[in-house]
Engineer: 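Provided herewith is a single structure, encoded as structure tokens, for subsequent inquiry.
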Amino acid sequence: MIQVNELGARIIISFGDGSVFITESTLWGIVVAVFLAIIGIWLGSGLQKIPKGKQVIAELIVGWIYKFSDENLGKENRKYAPYIGTIFLFILTGSSLGVFGIRPITASLNVTAALAALTFLLIQLSAIRTHGLKGRLKELCQPYPFMFPLEIIEACTLPVSLALRLFGNILGGVIIVDLWMYFMEYLSSLICDIPFLRAVTVLPLNAFFDMFEPAIQTYIFTMLTMLNLYTAIKITESHGQLAHGKNK
């Protein structure tokens, strides 16, 4: 049977008395980041005016990311495309590690919380940078001042929902696959000593939870990031235009 204490990420390296440690999610998160960085540097090296070979692949990926960003944030906000592309590729790769028999890094709440926190900071700092701290606070008081606490609560629930949604869906997939593997091992033991059913019947589940589900959850996370970012920028920009008109 699956033990509850086995659902979390395993500790790979511990230091001193064990209070400081590195989990498998942290380790594989670093591996994924380094892997993506190396691939990005390799694809972006030796660029030519007439693309060929790896440059074609690089331009297709970058072109799709910018198109994806333009459709949801507008071409005037292209400066956010690198961030959108980075979290998209990182989440997709980290959530698909189950294909290689590795625990997905997004099955750890620490990882998804960190990603959600980055998105939250990006949204709030972008809004403040566009209109200023005073203007941002005024926007949170619209249309009435008593709305301010509710707006604060709404803003703070975004990173919580982003983190829990991604974490819950990926961890749920891990649990379902593990339960199915144990069940197939039990059924196999009724026939012979070789757990052959584990290797055959789990393939459809792997295809869904290790490939399709990560793609869907990555898309949802990045879409919600862009929608909330666009809403914050759009509000501050419109308010800024009104303030600029009054100053005239």
Engineer: Check whether the side chains of Thr106 and Thr112 place a donor and an acceptor atom closer than 3.5 Å, and report yes or no.
Structural biologist: no

Engineer: Is it true that, when you exclude Met211 itself, more than 12 heavy atoms of the residues, nucleotides or ligands shown sit nearer than 6.0 Å to its CE?
Structural biologist: no

Engineer: Using distance alone, with no hydrogens and no angle criterion, decide if Thr222 and Thr225 have a side-chain donor and acceptor under 3.5 Å apart.
Structural biologist: no

Engineer: Sequence neighbours left out, what pairs pass ring pair (Phe, Tyr, Trp, His ring centres under 6.0 Å) with at least one residue falling in residues 72-106?
Structural biologist: Trp64-Phe88

Engineer: Got a sec, which residues hit ring pair (Phe, Tyr, Trp, His ring centres under 6.0 Å) with Phe35, two or more places apart in sequence or on another chain?
Structural biologist: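 For Phe35, no residue satisfies ring pair (Phe, Tyr, Trp, His ring centres under 6.0 Å) once neighbours in sequence are set aside.
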
Engineer: Give every donor-acceptor pair under 3.5 Å between a side-chain atom in residues 36-52 and any protein atom, sequence neighbours left out.
Structural biologist:
unit_1: Ser45; atom_1: OG; unit_2: Trp42; atom_2: O; d: 2.8
unit_1: Ser45; atom_1: OG; unit_2: Lys54; atom_2: NZ; d: 2.9

Engineer: For the residue pair Ile170 and Ala107, what are the closest heavy atoms and their distance?
Structural biologist: CG2-N, 3.9 Å

Engineer: Tell me who clusters with Leu60, hydrophobic residues only, linked when side chains sit under 4.5 Å apart either directly or through other members.
Structural biologist: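 Once heavy-atom contacts under 4.5 Å are chained together, Leu60 belongs with Val56.
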
Engineer: Return the set of residues passing side chain to side chain contact (heavy atoms under 4.5 Å, CB included) with Thr86 (not counting sequence neighbours), or none when no residue passes.
Structural biologist: none

Engineer: Please tell me if the side chains of Ile91 and Ile105 come closer than 4.5 Å, counting only heavy atoms from C-beta onward.
Structural biologist: no

Engineer: So, do Ile123 and Leu158 sit near enough that their side-chain heavy atoms are less than 4.5 Å apart?
Structural biologist: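 A side-chain contact exists here, since the closest heavy-atom pair is under 4.5 Å.
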
Engineer: How would you list, by chain and number, every residue that makes a salt bridge (Lys or Arg N to Asp or Glu O under 4.0 Å) with Arg129, sequence neighbours excluded?
Structural biologist: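 Arg129 satisfies salt bridge (Lys or Arg N to Asp or Glu O under 4.0 Å) with no other residue.
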
Engineer: If the condition is side chain to side chain contact (heavy atoms under 4.5 Å, CB included), which residues does Cys156 pass it with, not counting sequence neighbours?
Structural biologist: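 Partners of Cys156 by the side chain to side chain contact (heavy atoms under 4.5 Å, CB included) criterion, ordered by chain and then number, come out as Ile152.
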
Engineer: Kindly write out the residues that satisfy ring pair (Phe, Tyr, Trp, His ring centres under 6.0 Å) with Tyr186, not counting sequence neighbours, or none if the list is empty.
Structural biologist: none

Engineer: Please name all residues satisfying side chain to side chain contact (heavy atoms under 4.5 Å, CB included) with Met223, sequence neighbours left out, ordered by chain then number.
Structural biologist: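 In terms of side chain to side chain contact (heavy atoms under 4.5 Å, CB included), with neighbours along the sequence ignored, Met223 is linked to Phe68, Asn72, Tyr219, Met226, Leu227.
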
Engineer: What residues, two or more places apart in sequence or in another chain, satisfy side chain to side chain contact (heavy atoms under 4.5 Å, CB included) together with Val62?
Structural biologist: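 So Val62 forms a side chain to side chain contact (heavy atoms under 4.5 Å, CB included) with Tyr66.
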
Engineer: Sequence neighbours left out, what passes salt bridge (Lys or Arg N to Asp or Glu O under 4.0 Å) with Glu154? Give chain and number order.
Structural biologist: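 If we apply the salt bridge (Lys or Arg N to Asp or Glu O under 4.0 Å) test to Glu154, skipping adjacent residues, there are no hits.
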
Engineer: Of all residues at least two apart in sequence or in a different chain, which pass the side-chain hydrogen bond (donor to acceptor under 3.5 Å, both in side chains) check with Asn206?
Structural biologist: Asp210

